[in-house]
Amino acid sequence: MTTSPRWTVDFWLDPSCPLTRHTARWISAVAAQKPIDVRWRVMSLSVLNEHREDDPEGDPEGYLWIPARIAAAVQAGHGHDALGAFYDALWTKPDGSERADDEWIVDIGEVLRRAGLPAELEEVGTSTDYDAALRASHHDGVDRIEAEIGTPVLVITTPGGEQRAFFGPVLSSVPTAADALALWEATLLLIRVPLLREIKC
């Protein structure tokens, strides 16, 4: 028997972004059908926009910092797979169904419990203890792209070790299994062109 060569997708996400959740479910669906390892990493729209006078996320109270800080603590203390588990629990209900984009009332303690993580991590959300780790992870992803971007950032590493970083794809909903594979193949074709900068519909 032979082992198929594996790809790696490093996936930087702001855990609060609904559209990023669509992309995360897309890459997870592809990874279930292709030899791909996904490494979940945290970035933050709060960090991305803190230098701006306006607030494109409409978050004057700074609520977006809370899940991002917890995600940074999970990544730093428990690893990328644990971050993926936290992210899945954040976006699903206790019965396993997906949370709607506008369902913002979340019991973080219950989310951590379902993800198999310590309950005390909830306190991290309102502290600055992991801000340095959050910023470091954020810039590790965002600084790879010389353009104004958002979330998610993906870095695809081929079995041969070649890498390409890009913003997106941003999806309005989760594609079907067939469309998920078609989008993956299209993405691989596009990133072969180093001069490609941006596509918008």
J.: Measure the CD-CD distance between Glu122 and Glu110 for me, rounded to the nearest 0.5 Å.
T.: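 Result: 11.0 Å between the selected atoms.
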J.: Test of understanding: with side-chain hydrogen bond (donor to acceptor under 3.5 Å, both in side chains), list the residues that count as partners of Gln33, not counting sequence neighbours.
T.: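 Per chain and number, Gln33 pairs via side-chain hydrogen bond (donor to acceptor under 3.5 Å, both in side chains) with no residue.
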J.: What residues, two or more places apart in sequence or in another chain, satisfy ring pair (Phe, Tyr, Trp, His ring centres under 6.0 Å) together with Phe11?
T.: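 Result, ring pair (Phe, Tyr, Trp, His ring centres under 6.0 Å) vs Phe11: Trp40.
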J.: Over all heavy atoms of both residues, which pair between Leu19 and Leu171 is shortest? Give the atoms and the distance, please.
T.: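 The answer is CD2-O, 3.3 Å.
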J.: Looking at residues at least two apart in the chain, or sitting in another chain, which of them share a salt bridge (charged side-chain N to carboxylate O under 4.0 Å, His left out) with Asp10?
T.: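 Counting only residues at least two positions away or on another chain, Asp10 forms a salt bridge (charged side-chain N to carboxylate O under 4.0 Å, His left out) with Arg39, Arg41.
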J.: Please find the pair of heavy atoms, one from Val38 and one from Ala31, that lie closest to each other, and give the distance.
T.: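 Heavy atoms of Val38 and Ala31 come nearest at CG2-CB, 4.0 Å.
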J.: List in chain and number order the residues that pass salt bridge (charged side-chain N to carboxylate O under 4.0 Å, His left out) with Asp107, two or more places apart in sequence or in another chain; answer none if no residue qualifies.
T.: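 Here no residue qualifies.
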J.: Suppose we screen for side chain to side chain contact (heavy atoms under 4.5 Å, CB included). Which residues come up paired with Arg135, at least two apart in sequence or across chains?
T.: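 Applying side chain to side chain contact (heavy atoms under 4.5 Å, CB included) to Arg135 gives Val47, Glu50, Trp65, His139.
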J.: If you compare all heavy atoms of Ala119 against all heavy atoms of Leu112, which two are closest, and at what distance to 0.1 Å?
T.: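 Shortest heavy-atom contact: O-CD1, 3.8 Å.
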J.: Can you hop from Leu83 to Ile36 via hydrophobic side chains spaced under 4.5 Å?
T.: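 Hydrophobic grouping puts Leu83 with Ile36.
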J.: Would you name the heavy atoms of Tyr130 and Ala76 that are closest together and state the gap between them?
T.: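 Minimum heavy-atom separation between Tyr130 and Ala76: CE2-CB, 4.1 Å.
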J.: Apply salt bridge (charged side-chain N to carboxylate O under 4.0 Å, His left out) to Arg164 and list each qualifying residue two or more places apart in sequence or on a separate chain.
T.: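 Salt bridge (charged side-chain N to carboxylate O under 4.0 Å, His left out) list for Arg164, sorted by chain: empty.
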J.: Test your reading of the model: is there a side-chain donor-acceptor pair from Tyr87 to the backbone of Arg21, 3.5 Å cut-off?
T.: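 Looks like yes, one N/O pair under 3.5 Å.
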J.: Report the distance from atom OG1 of Thr8 to atom CG of Leu154, rounding to the nearest 0.5 Å.
T.: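 Thr8 OG1 to Leu154 CG: 12.0 Å, rounded to 0.5 Å.
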J.: Do the non-hydrogen side-chain atoms of Thr128 and Arg69 ever get within less than 4.5 Å of each other?
T.: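 Answer yes - side chains close enough.
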J.: Restricting to pairs with a member in residues 72-82, which pass side chain to side chain donor-acceptor pair (under 3.5 Å), not counting sequence neighbours?
T.: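 Listed by first then second residue: Gln75-Ser137.
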J.: Could you pull out all residues at least two apart from Ser97 that satisfy side chain to side chain contact (heavy atoms under 4.5 Å, CB included)?
T.: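 Testing Ser97 for side chain to side chain contact (heavy atoms under 4.5 Å, CB included), a comparison that skips the adjacent residues, returns Lys93, Asp95.
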J.: Look up atom OG in Ser46 and atom OH in Tyr63, then write down how far apart they are to the nearest 0.5 Å.
T.: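 Between atom OG of Ser46 and atom OH of Tyr63 there are 12.5 Å.
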J.: Please tabulate, one pair per line, all N/O donor-acceptor pairs under 3.5 Å involving side-chain atoms of residues 175-193, not counting sequence neighbours.
T.:
| unit_1 | atom_1 | unit_2 | atom_2 | d |
| --- | --- | --- | --- | --- |
| Thr176 | OG1 | Asp179 | N | 3.2 |
| Glu185 | OE2 | Lys34 | NZ | 3.4 |
| Thr187 | OG1 | Leu183 | O | 2.7 |

J.: Is it the case that over 12 heavy atoms from other parts of the model lie below 6.0 angstrom from the CD atom of Glu98?
T.: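 Buried by this count: over 12 neighbours within 6.0 Å.
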J.: By side-chain hydrogen bond (donor to acceptor under 3.5 Å, both in side chains), which residues pair with Ser127, not counting sequence neighbours?
T.: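 Scan of Ser127 (side-chain hydrogen bond (donor to acceptor under 3.5 Å, both in side chains), adjacent residues dropped) gives none.
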J.: Could you measure the distance from the CD1 atom of Ile70 to the CG atom of Leu117? Nearest 0.5 Å is fine.
T.: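 Going from CD1 on Ile70 over to CG on Leu117, the span is 10.0 Å.
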J.: As a test of understanding, state which of Thr23, Asp14, Thr20 forms a side-chain hydrogen bond (donor to acceptor under 3.5 Å, both in side chains) with Thr151.
T.: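 Of the listed residues Thr23, Asp14, Thr20, the side-chain hydrogen bond (donor to acceptor under 3.5 Å, both in side chains) partner of Thr151 is Thr20.
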J.: Taking all non-hydrogen atoms of both residues, which atom of Leu90 and which atom of Pro67 are closest, and how far apart?
T.: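 That closest heavy-atom pairing would be CD2-CB, 4.4 Å.
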J.: Could you measure the distance from the CH2 atom of Trp7 to the CG atom of Asp37? Nearest 0.5 Å is fine.
T.: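 Here the interatomic distance stands at 13.0 Å.
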J.: Do any N or O atoms from the side chain of Arg25 and from the backbone of Val174 form a donor-acceptor pair under 3.5 angstrom?
T.: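 Pair absent, no side-chain N/O of Arg25 close to backbone of Val174.
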J.: Mind checking what makes side chain to side chain contact (heavy atoms under 4.5 Å, CB included) contact with Ile149, not counting sequence neighbours?
T.: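 Ile149 satisfies side chain to side chain contact (heavy atoms under 4.5 Å, CB included) with Val142, Ile145, Ala147, Val153, Phe167 once adjacent residues are dropped.
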J.: Short question: side chain of Trp91, backbone of Pro15 - any donor-acceptor pair under 3.5 Å?
T.: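 Pair found, side chain donor or acceptor close to backbone of Pro15.
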J.: Sequence neighbours left out, what passes side chain to side chain contact (heavy atoms under 4.5 Å, CB included) with Arg144? Give chain and number order.
T.: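 Only Trp12, Asp140, Val155, Gln163, Ala165 meet the side chain to side chain contact (heavy atoms under 4.5 Å, CB included) criterion with Arg144.
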